[in-house]
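The next block holds one structure in the form of structure tokens; read it before the comments.
What you are looking at is a predicted structure, and each value in this text was computed from that prediction instead of being measured. Here is the naming used below: chain letters follow the sequence lines, and residue numbers restart at 1 for every chain.
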4 protein chains.
Amino acid sequence: MSAGVFGAEARREGKRARTRARLMDAAVEVFARRGVERASANEIAHAAEVSNGTFYNHFRDKHDIVEAVAFRIATDVVRRLDAAMAGLDDAAERIAFGTRQIIELGASHAEWGHALVRSIRYLPELRRQATAFARADLERGARRGVFDVEVDDLLMDLFVALVTTALELRLSGEAGDEAGSKAAESQLRMLGVPVARAHELAWRPIAPLRFGLVEPA
Amino acid sequence: MSAGVFGAEARREGKRARTRARLMDAAVEVFARRGVERASANEIAHAAEVSNGTFYNHFRDKHDIVEAVAFRIATDVVRRLDAAMAGLDDAAERIAFGTRQIIELGASHAEWGHALVRSIRYLPELRRQATAFARADLERGARRGVFDVEVDDLLMDLFVALVTTALELRLSGEAGDEAGSKAAESQLRMLGVPVARAHELAWRPIAPLRFGLVEPA
Amino acid sequence: MSAGVFGAEARREGKRARTRARLMDAAVEVFARRGVERASANEIAHAAEVSNGTFYNHFRDKHDIVEAVAFRIATDVVRRLDAAMAGLDDAAERIAFGTRQIIELGASHAEWGHALVRSIRYLPELRRQATAFARADLERGARRGVFDVEVDDLLMDLFVALVTTALELRLSGEAGDEAGSKAAESQLRMLGVPVARAHELAWRPIAPLRFGLVEPA
Amino acid sequence: MSAGVFGAEARREGKRARTRARLMDAAVEVFARRGVERASANEIAHAAEVSNGTFYNHFRDKHDIVEAVAFRIATDVVRRLDAAMAGLDDAAERIAFGTRQIIELGASHAEWGHALVRSIRYLPELRRQATAFARADLERGARRGVFDVEVDDLLMDLFVALVTTALELRLSGEAGDEAGSKAAESQLRMLGVPVARAHELAWRPIAPLRFGLVEPA
DNA sequence: AATGAATGAGTGTTCATTCAT
DNA sequence: TATGAATGAACACTCATTCAT
């Protein structure tokens with residue numbers, strides 16, 4: 001097993017934290033490979049190369065690790081995007097940028113991407129929580145007339161569905177690297193942004209985010 | 001168990017066909033109640049009031065009945081919509097009408113609706129096949145300049161995701177009966193239809209489809 | 001595995017009944033060997049030479065088979081004793097006879113005897129139910145002045161404890177075949193029967209009961 | 001955790017002894033709360049506020065601590081009773097007094113009482129050892145004609161069963177505070193003591209023993 | 001064609017015990 | 001000595017699937 005996203009962070013912590021991180025990395029992998037529903041505690045433990053008993057030293061049950069992983073993934077993406085968009089003020093720009101970055105991030109870290117898609121679909125609670133930051137942008141944009149919509153739960157779910165669907169197709173290989181731009185363009189149109197401006201924002205070149213937490217030595 | 005969607009149609013066929021139809025009706029019910037993952041062959045057989053052995057006389061395995069049910073559901077909706085839209089020519093009108101009808105149909109037949117969402121979302125093969133008719137409308141609209149998009153697999157999946165997401169929220173009770181109009185409006189905007197026209201088409205009053213179980217011969 | 005107590009009765013019934021009987025026989029054996037607490041469903045299934053899944057086709061859980069076995073054992077003993085004591089009227093005679101027969105029965109069918117001891121200790125509910133017939137004798141004897149006691153729950157439990165303790169020691173090999181007489185004598189003394197009469201009743205020769213349900217061909 | 005029975009006595013000894021005593025006190029508590037079978041080493045260690053590893057520094061395995069606790073409990077009761085009955089000479093008086101005191105002691109210290117019942121009932125070895133002092137009284141009484149019995153293992157077990165059964169019912173709340181007198185009366189009758197004398201000895205008022213935790217040096 | 005008893009691999013979970021620190 | 005993370009066999013229970021009837 002490669003170090004994984006969480007394992008890399010835990011390298012300097014105690015043994016308990018390292019094992020926990022190994023389990024969470026393994027869970028991401030198994031969720032991606034088998035789906036959250038079909039993943040079993042045993043399989044996660046096996047993938048983490050620990051005994052099945054160890055799983056239960058660290059997580060109360062399957063639901064517990066699902067939550068932990070989903071929460072970490074959501075936290076990750078929010079933290080990363082927030083940092084990357086520090087300088088961006090325009091709501092439409094932020095939306096386009098965020099959507100494209102998430103899709104690229106998910107596509108270039110396939111396991112993480114699959115886990116993200118599945119977590120977001122599987123856990124409505126998490127969906128609301130993790131997309132709160134996007135909702136803030138949408139509401140701000142709507143107030144300022146950048147968007148021409150009423151922001152409600154349904155709109156948010158439609159908005160999110162466009163991201164997850166595009167990412168899913170990207171991951172399956174059926175969509176190429178323009179998936180992010182296409183999804184973002186669709187979102188902006190949906191929000192009432194004029195076609196030309198939507199196109200410009202969605203296709204403007206951007207630098208990909210780096211996922212890595214471990215700096216090059 | 002009341003005569004379900006499939007059972008009603010099989011009434012005139014042989015005994016084998018009737019038993020098969022009973023199983024499929026039962027499957028729809030159990031899938032809706034417990035989810036496809038958690039539905040067991042035994043439970044389906046029990047709901048169909050046949051023995052568990054009989055299940056395997058009619059379906060190779062669980063996957064087999066899932067596919068059969070999904071296929072029938074998709075076929076159903078296509079047939080019904082095609083019939084209902086016989087007189088509609090304008091691609092945008094057809095899109096708005098179709099989306100709204102599917103959502104209302106799914107919402108008013110919850111079991112069928114849940115099964116539809118799950119089928120469409122988790123069986124890509126079926127998704128392509130069942131949405132071929134919509135794709136034809138999109139392509140025609142694009143050629144005629146009604147829509148301003150390039151119709152590809154990604155666009156289709158984004159398009160479909162808006163329907164399934166809206167239907168899902170409708171079924172969970174979190175969205176009300178304007179869900180169909182909102183979803184349709186989002187779709188039209190996404191396709192490049194001017195905001196005003198999108199609004200008009202999506203909110204224009206329509207008569208709900210009947211889920212006619214037995215057509216006159 | 002030998003035919004067992006329950007299996008013998010089921011020989012002429014359907015397959016389902018035969019398997020159920022095998023499981024109950026196996027349970028008696030495992031309860032005797034390992035104790036009710038430590039017996040596992042898997043071990044019972046294994047002893048019955050059926051798969052572990054079959055166990056759950058016949059019993060909801062371990063508690064279910066414990067109850068079934070205990071109930072059958074209690075029913076058995078009551079039925080047998082009732083029949084054997086049809087002609088006995090004197091309460092003291094009945095008590096002495098019953099106690100001695102149960103102990104001999106349990107001693108000569110060790111598995112059944114162990115299961116009886118453990119069931120009676122483990123299930124207070126069953127204890128009350130299975131000893132109702134003895135309580136009736138005690139109350140009748142008390143009313144007629146044969147016994148000089150107040151019959152209450154505590155007295156009944158003390159009374160029963162003398163039987164189970166004697167049977168247990170008999171089964172462990174630490175007590176010989178006078179265990180029944182000694183226990184009966186202690187009981188009668190405890191109930192206020194004069195020493196000489198208690199001795200006479202407890203040691204008077206009796207013919208052992210036969211357990212066998214299957215008549216010689 | 002309050003200082004238990006064993007902990008209090010170990011206060012002046014070394015650290016190792018104190019930890020061991022804490023574990024034994026915790027074991028008594030957990031055995032009472034969950035039953036010996038269902039008590040886990042982890043739970044005992046947790047209740048003793050030491051790590052689970054420490055448990056195995058002090059006891060070879062779970063069986064080991066069960067024995068140690070049982071032995072200490074038995075030793076306790078013998079020591080206490082012996083001291084309290086220093087002035088009593090008559091065998092029948094000693095029996096009645098001892099039985100009643102044990103039952104009251106067990107009833108007023110429920111954890112200890114439960115542990116006592118379980119130890120005595122399930123560890124025959126311990127039973128013989130812990131009841132040696134009572135056996136001496138029985139044998140002396142028999143020699144002197146106070147009792148009219150032959151004292152053997154079976155008689156001892158019947159005798160003890162009356163104590164444990166009465167204590168158990170007392171602990172479950174199904175018997176009240178006359179349980180001790182009733183059990184003692186039954187025992188005396190069983191031993192051949194005349195009914196009137198048995199009654200007098202069993203119901204004569206006595207002062208309850210104190211479960212003194214720390215004796216003055 | 002239908003039945004339903006039986007199967008056995010699989011699931012989630014517990015816990016006595018070991019061992020590196 | 002004490003720690004506590006890790007182990008792995010065992011448990012209760014489920015369910016897709018087979019097969020004799």
Which nucleotide in [options] has an atom nearest any side-chain atom of [X]:
X: B:Asn42; options: F:dA5, E:dT7, F:dT17; value: F:dT17
X: A:Thr19; options: F:dA12, F:dA5, E:dG12; value: F:dA5
X: D:Arg34; options: E:dC15, F:dA16, E:dG4; value: E:dC15
X: C:Lys15; options: E:dA5, F:dA5, E:dA2; value: E:dA5

Quiz item: Can you name the closest pair of heavy atoms from C:Phe31 and C:Arg118 and give their distance?
Solution: O-NH1, 3.2 Å

Quiz item: Under a 3.5 Å cut-off for both distances, is F:dA12 Watson-Crick or wobble paired, and to whom?
Solution: E:dT11

Self-check item: Partner nucleotide, any strand, of E:dT21 [Watson-Crick/G-U, under 3.5 Å]
Solution: F:dA2

Quiz item: Taking for each residue the nucleotide of DNA chain F with the nearest heavy atom, is it D:Val50 or A:Phe55 whose nucleotide lies nearer the 5' end?
Solution: D:Val50

May I ask you to verify whether the side chain of [X] and the base of [N] hold a donor-acceptor pair under 3.5 Å?
X: D:Asn57; N: F:dA2; result: yes
X: C:Asp61; N: F:dA12; result: no
X: C:Asn52; N: E:dA9; result: yes

With a non-hydrogen cut-off below 4.0 angstrom, is [X] in contact with a base, only sugar-phosphate, or nothing?
X: A:Ala45; answer: nothing
X: C:Thr54; answer: base
X: D:His58; answer: sugar-phosphate

Exercise. Measure from the side-chain N and O atoms of B:Arg22 to the backbone N and O of B:Ala48, and report whether any donor-acceptor pair falls under 3.5 Å.
Key: yes

Quiz item: Does any N or O in the side chain of C:Thr54 come within less than 3.5 Å of the main-chain N or O of C:Val50, such that one atom is a donor and the other an acceptor?
Solution: no

Exercise. Let me know, please, whether C:Ser51 or A:Tyr56 comes out on the 5' side of the other along DNA chain E by nearest nucleotide.
Key: C:Ser51

Self-check item: Toward the 5' end of DNA chain E, by each residue's nearest nucleotide, A:Glu43 or D:Glu43
Solution: A:Glu43

Quiz item: Quick one: CE on C:Met24 to CD on C:Glu29, what's the gap to the nearest 0.5 Å?
Solution: 14.5 Å

Quiz item: Counting heavy atoms not belonging to A:Arg33, are there more than 12 under 6.0 Å from its CZ?
Solution: yes

Nearest-Å distance, [atom1] ([X]) to [atom2] ([N])?
X: C:Ile44; N: F:dC13; atom1: CD1; atom2: P; result: 11 Å
X: A:Arg38; N: F:dC15; atom1: CZ; atom2: P; result: 15 Å
X: A:Glu49; N: F:dT7; atom1: CD; atom2: P; result: 10 Å
X: B:Ile65; N: F:dC15; atom1: CD1; atom2: C1'; result: 15 Å

Quiz item: Would you say D:Ser40 reaches E:dT14's phosphate, i.e. side-chain N/O to OP1/OP2 under 4.0 Å?
Solution: no

